[in-house]
Amino acid sequence: VFLIELYKSLQGESSFSGFPCVFIRFAGCNLRCSWCDSEYTFTGGKKFTEDEVLVQVRRLSPNGGLVEITGGEPMLQESEVVPLMRHLLDLGYTVLIETSGERPLANVPHQVHKIVDVKCPDSGAADTFRPENLDALTLRDEIKFVISSRRDYEFARDFTRMHDLDNMVASVIFSPAFRKDAGLHALGISHETRSVEHCLLDPRLLAEWILADALNVRLGFQIHKFIWEPSMKGV
Ligand code: SF4
């Protein structure tokens, strides 16, 4: 597998949010979301054998726990990542995968918790969700919409209702997008800050819209952006 980094931190943006987790960050992505905070994954990467990955995971988390497969887009390396997920499950880890929803997910082992994006119009990657991936979803999985405008919100709301998503997966997450330059002296602030001011969409507005439309969805935050500086890698 080609990886950018492998480290332990806290899970930041799902119903596992806040739990310690080993992250295996895959190199490469075929999308270019306007607010992407992982552009450093687009190029480079280091080759690891599966055994090298398993040794590192065991070193970081010897007693089981959460392991998240992320990127970039890990399913671009499907023929390597699927056996890796199986072996992590066999070792007793709880395995999560974060994916853009653009790659086929039918071969992801059922025991893996899939956290699947559906890209909204203002992401710049609209219409990349693969509809047949809906058939691969189970009540273990989560669907995430990253929302940066009212237009995005209405897309997410209508998609959720049309597909009855809240009865299909464990949770549907509406998450305000973060400014790409958050923490990089944005907003005229001379030092890095950890604040909702870095959201592209005011979370209060998003909360009010969710309540007004009586949606059964979870307002999600990328908690690592509030714990650590938003531009920090390896957290
Ligand atoms: S799918 Fe993820 S890694 Fe790829 S461009 Fe979009 S946000 Fe970035």
Side-chain angles (χ1 to χ4, degrees), residues 1-7 9 11-14 16-17 21 23-46 67-78 80-81 84-85 95-105 108 112-134 136-137 141-149 151-153 155-156 159 172-184 186 198-201 206 220-226 228 230-235:
V1 294
F2 275 93
L3 302 183
I4 296 292
E5 52 190 357
L6 198 162
Y7 60 97
S9 185
Q11 214 287 336
E13 45 186 325
S14 71
F16 294 92
S17 178
C21 180
F23 291 86
I24 306 174
R25 188 175 299 284
F26 281 64
C29 189
N30 54 338
L31 303 187
R32 292 292 181 267
C33 302
S34 55
W35 33 252
C36 179
D37 60 0
S38 308
E39 290 176 321
Y40 60 96
T41 65
F42 292 170
T43 53
K46 183 168 176 256
V67 177
E68 176 168 312
I69 309 281
T70 187
E73 174 46 59
M75 289 305 285
L76 290 173
Q77 300 181 56
E78 178 174 351
E80 290 84 25
V81 77
L84 174 63
M85 288 190 282
V95 180
L96 323 179
I97 182 169
E98 283 221 38
T99 169
S100 70
E102 188 274 340
R103 295 279 89 202
L105 299 176
V108 176
V112 171
H113 299 260
K114 299 188 285 294
I115 303 164
V116 183
D117 275 4
V118 179
K119 301 295 183 189
C120 294
D122 289 342
S123 68
D127 302 322
T128 53
F129 181 77
R130 191 177 283 262
E132 60 265 33
N133 279 340
L134 290 173
L137 295 174
D141 299 331
E142 311 194 9
I143 289 270
K144 176 157 58 79
F145 297 91
V146 177
I147 296 176
S148 54
S149 64
R151 180 166 81 136
D152 281 358
Y153 168 77
F155 167 84
F159 191 98
V172 180
I173 302 166
F174 281 23
S175 190
F178 245 71
R179 297 167 59 104
K180 207 151 71 171
D181 57 355
L184 298 177
H198 293 308
C199 292
L200 279 170
L201 173 67
L206 183 53
F221 280 109
Q222 296 177 294
I223 63 164
H224 45 290
K225 300 267 172 81
F226 296 92
W228 293 282
S231 62
M232 190 180 282
K233 293 183 207 164
V235 292

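As the structure lists them, so they are numbered: ligands from 1, and atoms in each ligand from 1. All values reported here derive from a predicted model rather than from experimental measurement.
For an aromatic pair to be called close, the ring centres must be under 6.0 Å apart, and Tyr153 with Phe145 fails this. Annotation: Phe178 is in aromatic contact with Phe226 [ring centroid separation under 6.0 Å].
By the criterion of a heavy-atom distance under 4.0 Å, both the backbone and the side chain of Cys33 are placed next to ligand 1. For Glu39, no heavy-atom contact with ligand 1 is shorter than 4.0 Å.
The ligand atoms of ligand 1 that sit less than 4.0 angstrom from a heavy atom of Leu31 are 5 (S). Each of the atoms 7 (S) of ligand 1 lies under 4.0 Å from some heavy atom of Trp35. Using a 4.0 Å cut-off to heavy atoms of Gly72, the atoms of ligand 1 that qualify are 3 (S). Heavy-atom contacts of Ser100 reach the following atoms of ligand 1: 1 (S) (cutoff under 4.0 Å). Short contacts between ligand 1 and Phe42, defined as distances under 4.0 Å to a heavy atom of the residue, involve ligand atoms 5 (S).
Of all heavy-atom pairs between Leu201 and Pro176, the closest is O-CB, 3.6 Å. Taking each heavy atom of Phe16 and Gln11 in turn, the nearest pair found is O-CB, 3.5 Å.
Counting only heavy atoms of the protein, atom 4 (Fe) of ligand 1 lies nearest to Cys29 SG, 2.3 Å.
Considering each of Glu102, Lys119, Glu73, the one bringing a non-hydrogen atom nearest atom 1 (S) of ligand 1 is Lys119.
We find that Lys144 and Glu13 are joined by a salt bridge, their nearest charged nitrogen and carboxylate oxygen being less than 4.0 Å apart. A salt bridge links Asp37 to Lys225: at least one charged side-chain nitrogen sits closer than 4.0 Å to a carboxylate oxygen.
Residue contacts with ligand 1 include Arg32, since one of its heavy atoms falls under 4.0 Å from the ligand.
Taking backbone and side-chain atoms together, Cys36 has an N/O/S atom less than 2.8 Å away from atom 8 (Fe) of ligand 1.
For the pairing with Glu102, the side-chain hydrogen bond (donor to acceptor under 3.5 Å, both in side chains) check across Thr128, Asn30, Asn133 returns one residue only, Asn30.
Using a 3.5 Å distance cut-off with no hydrogens or angles, the side chains of Asp122 and Ser148 do not pair a donor with an acceptor.
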